[in-house]
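The shown structure was predicted, so the numbers you read here are calculated from the model rather than taken from an experiment. Index from 1, following the sequence.
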Amino acid sequence: MRTEHILIYRFSAMGDVAMLVPVVSSLAAQYPDLRITVLSKPFTKPFFENLAPNVGFMSADLKKEYKRLGGLNELYRRLSAKHFTCVADMHDVLRTKYLRLLFMINGYKVQHIDKHRSEKRRLTRSINKIRKQLSTSFQNYADVLARLGYPVELKFNSIFPPAGGDLTLLPEMFRNKPAGEKWIGVAPFAAHKAKIYPSEKLRESLVLTAEKSPESRFFFFCGSKEEHAIVDEMCQSIPNAVNASAQLKGLDQELVLMSHLDLMVSMDSANMHLASMVGTRVLSIWGATSPLAGFLGWNQGQTVVAPATLECHPCSIYGDRPCRRKEQPYACLAHEPEYVCQCILKNLNG
C-alpha cells in the first residue's frame, strides 16, 4: 500500500512560515503514519527539522535558485520525484499558483489557502469599515488540510520540550538564569514604519520597567546593521540590557534563548511568531495593523498594546501603506511609555 505523503509549501515572510508550525505539528501528531514534507525558504529549516519524526523539510529560493518559469519547472521536476499523494499551497501567489497548476495537470490532489482578501479589504478601507475578527492564519492553513482529507484539531505548545531549549548551546553569558530573575525579550523592529513603536518611547517604557522591576534582564533581538546601532544605543541607558542578537549565532540560538524568556515585547512582527512558536508569552505593540486581521501570535490571547479607537484604524493588513492622516500622522503608535510599562509588568507577572 502506498504511503500517503503530503507536500506543504509557503515561501513568504518569516512570520507567515512560523505560523505554519502549530498546524504542521498538529497534523504530524494526529496522523503519525502520514509523511509530511514542508517546502520553504532555507532559513526556516530550524522551525521544522526536529518538529516530529514524520516531518521533513526541503528548501527552495524562488527568487534565485528557482526563478522565472524555467526555475519553477525545474523545481516541479525535483518535487515530482518525491511521489507526493497531495499538495497544499499555503501561499497562493503567482509563482505558487503556477507550481500547483503543474501538479494539477499531472493528476495530483491539490488545495490552496483562502486568504479572505475581500474581508481584509473591508476591514482596512477608508470608509464604512467592517471591524470584525477574521479567521486566523492558523485556521486558514488548517482549512486547506481539511479539504485534502486531513482535518486537524490545533494543539501545540512549543518546538522545544517543556523545559525549553538547551541553554548550554549558547554563549556563557546566557547559560545561567538565576532564581527570581525575570528575562524579558525585546524586538523593537518590524518590516514597515507603520508597525514600529518609536524607539525613544520604547526606551522610556523599558527604563520605567527596570525601575519597577529591578530583577528584570532585557535581551534585544534585531537584524540589520542599522537596527544593531539603535539597539546598542538603547542598551546603554537601560539597566541589565544586552544586544542578544549580537552575541548569538543565528536563528537556532535565538530560538533557544526565546524559549527561556518570561516575556517577549515585540511589534506585529516575525519575532512575535518566533516567541509564540517556543511557548513564550508575548506582549505585542500594534500600530497601523490589527489582530482582527488574523495574524496574532499562536496562543497569545489578547496580550496586546492596541491603538486607541481611531476612525482610520486599521488602515493596512501588512503595515506597508503610508499614513493617511494629515494631522498627527501615525497616531496609532502614540502609546504613552507609562501605559506600555504597565502592560509589560502586568504580563510579566502573569
Side-chain angles (χ1 to χ4, degrees), residues 14-26 44 46-48 50-51 136-138 154-170 173-190 197 202 205-206 209 213 215-223 231 240-245 247-248 250-286 291 295-305 340-341 343-350:
M14 184 182 293
D16 293 314
V17 180
M19 293 179 84
L20 259 180
V21 172
V23 182
V24 173
S25 176
S26 301
T44 64
F47 301 172
F48 302 99
N50 298 310
L51 194 60
T136 67
S137 289
F138 309 108
L154 297 179
K155 291 183 177 181
F156 175 77
N157 293 315
S158 172
I159 62 172
F160 294 121
D166 186 357
L167 284 176
T168 64
L169 299 175
L170 307 187
M173 65 182 300
F174 303 106
R175 291 178 187 172
N176 179 43
K177 184 178 183 180
E181 193 169 85
K182 299 287 188 179
W183 284 13
I184 302 175
V186 185
F189 305 105
Y197 187 49
L202 179 60
S205 304
L206 299 176
T209 301
S213 178
E215 70 279 10
S216 295
R217 189 178 178 193
F218 302 90
F219 299 97
F220 279 79
F221 297 86
C222 55
V231 163
N240 299 318
V242 61
N243 183 347
S245 292
Q247 307 297 326
L248 298 173
L251 181 58
D252 301 66
Q253 291 194 351
E254 289 189 350
L255 291 173
V256 171
L257 178 58
M258 285 184 190
S259 71
H260 290 272
L261 299 176
D262 295 285
L263 179 69
M264 168 68 88
V265 179
S266 81
M267 308 300 112
D268 168 22
S269 67
N271 282 289
M272 171 178 64
H273 297 296
L274 298 182
S276 302
M277 193 172 67
V278 297
T280 293
R281 178 190 291 265
V282 180
L283 175 69
S284 50
I285 302 175
W286 295 68
F295 295 108
L296 188 63
W298 172 255
N299 208 25
Q300 293 301 331
Q302 289 297 318
T303 54
V304 301
V305 179
V340 173
C341 171
C343 293
I344 292 173
L345 293 173
K346 179 181 177 181
N347 284 278
L348 186 63
N349 296 316

For [X] and [Y], work out which heavy atoms get closest and say how close.
| X | Y | answer |
| --- | --- | --- |
| G15 | A270 | N-CB, 3.8 Å |
| M19 | L296 | CE-O, 3.9 Å |
| E215 | G180 | CG-O, 3.5 Å |
| V340 | L283 | O-CD2, 4.4 Å |
| G164 | F160 | C-CB, 3.8 Å |
| M272 | G297 | SD-N, 3.8 Å |

Could you walk me through whether L169 and D252 pass the side chain to side chain contact (heavy atoms under 4.5 Å, CB included) test, one step at a time? CA-CA 10 Å; L169 299 175; D252 301 66; over 6 Å; no

Could you go step by step and tell me if L154 and S26 meet the side chain to side chain contact (heavy atoms under 4.5 Å, CB included) rule? CA-CA 6 Å; L154 297 179; S26 301; 4.0 Å; yes

Any side-chain heavy atom of [X] within less than 4.5 Å of one from [Y]?
| X | Y | value |
| --- | --- | --- |
| Y197 | V305 | no |
| D268 | S284 | no |
| V231 | P188 | yes |

Point-to-point distance, once rounded to the nearest 0.5 Å, from [atom1] of [X] to [atom2] of [Y]:
| X | Y | atom1 | atom2 | value |
| --- | --- | --- | --- | --- |
| N299 | T280 | CG | OG1 | 11.5 Å |
| R175 | T168 | CZ | OG1 | 7.0 Å |
| M258 | L248 | CE | CG | 9.0 Å |

According to ring pair (Phe, Tyr, Trp, His ring centres under 6.0 Å), who are the partners of F138, at least two apart in sequence or on a separate chain?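 Scan of F138 (ring pair (Phe, Tyr, Trp, His ring centres under 6.0 Å), adjacent residues dropped) gives W298.
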
Listed by chain and number, what are the ring pair (Phe, Tyr, Trp, His ring centres under 6.0 Å) partners of F219, not counting sequence neighbours?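 Ring pair (Phe, Tyr, Trp, His ring centres under 6.0 Å) check on F219 returns F174, W183.
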
Output yes when a side-chain donor or acceptor of S245 lies under 3.5 Å from a complementary backbone atom of C222, and no otherwise.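 Such a contact is found between S245 side chain and C222 backbone.
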
Hey, which of L274, V256, L255, I159 is the one that makes side-chain contact (heavy atoms from CB on, under 4.5 Å) with P46?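 The side-chain contact (heavy atoms from CB on, under 4.5 Å) with P46 is passed solely by L255 among L274, V256, L255, I159.
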
Consider side-chain contact (heavy atoms from CB on, under 4.5 Å). Of T303, N349, L348, L345, which one does L263 pass it with?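 So, applying the side-chain contact (heavy atoms from CB on, under 4.5 Å) to L263 and each of T303, N349, L348, L345, only L348 qualifies.
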
By the side chain to side chain donor-acceptor pair (under 3.5 Å) test, which pairs, at least two apart or in different chains, include something from residues 256-267?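 Residue pairs with at least one partner in residues 256-267: K177-D262.
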
Do any pairs count as a side chain to side chain donor-acceptor pair (under 3.5 Å) and have a residue in residues 270-279, sequence neighbours left out, and if so which ones?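 Pairs touching residues 270-279 that pass the test: S276-Q300.
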
Starting from the C-alpha separation in whole Å, work towards a yes-or-no answer on side chain to side chain contact (heavy atoms under 4.5 Å, CB included) for S269 and F189. CA-CA 7 Å; S269 67; F189 305 105; over 6 Å; no

Considering residues at least two apart in sequence or located in another chain, which fulfil the side chain to side chain donor-acceptor pair (under 3.5 Å) criterion with N243?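 So N243 forms a side chain to side chain donor-acceptor pair (under 3.5 Å) with H228, D232.
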
Go through the steps for V24 and F47 under the test side chain to side chain contact (heavy atoms under 4.5 Å, CB included), then give the verdict. CA-CA 10 Å; V24 173; F47 301 172; over 6 Å; no

D166 atom CG, over 12 foreign heavy atoms within 6.0 Å: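 Atom CG in D166 is crowded, with more than 12 foreign heavy atoms closer than 6.0 Å.
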
Among all residues two or more places apart in sequence or in another chain, which pass the salt bridge (charged side-chain N to carboxylate O under 4.0 Å, His left out) test with K346?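 Here no residue qualifies.
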
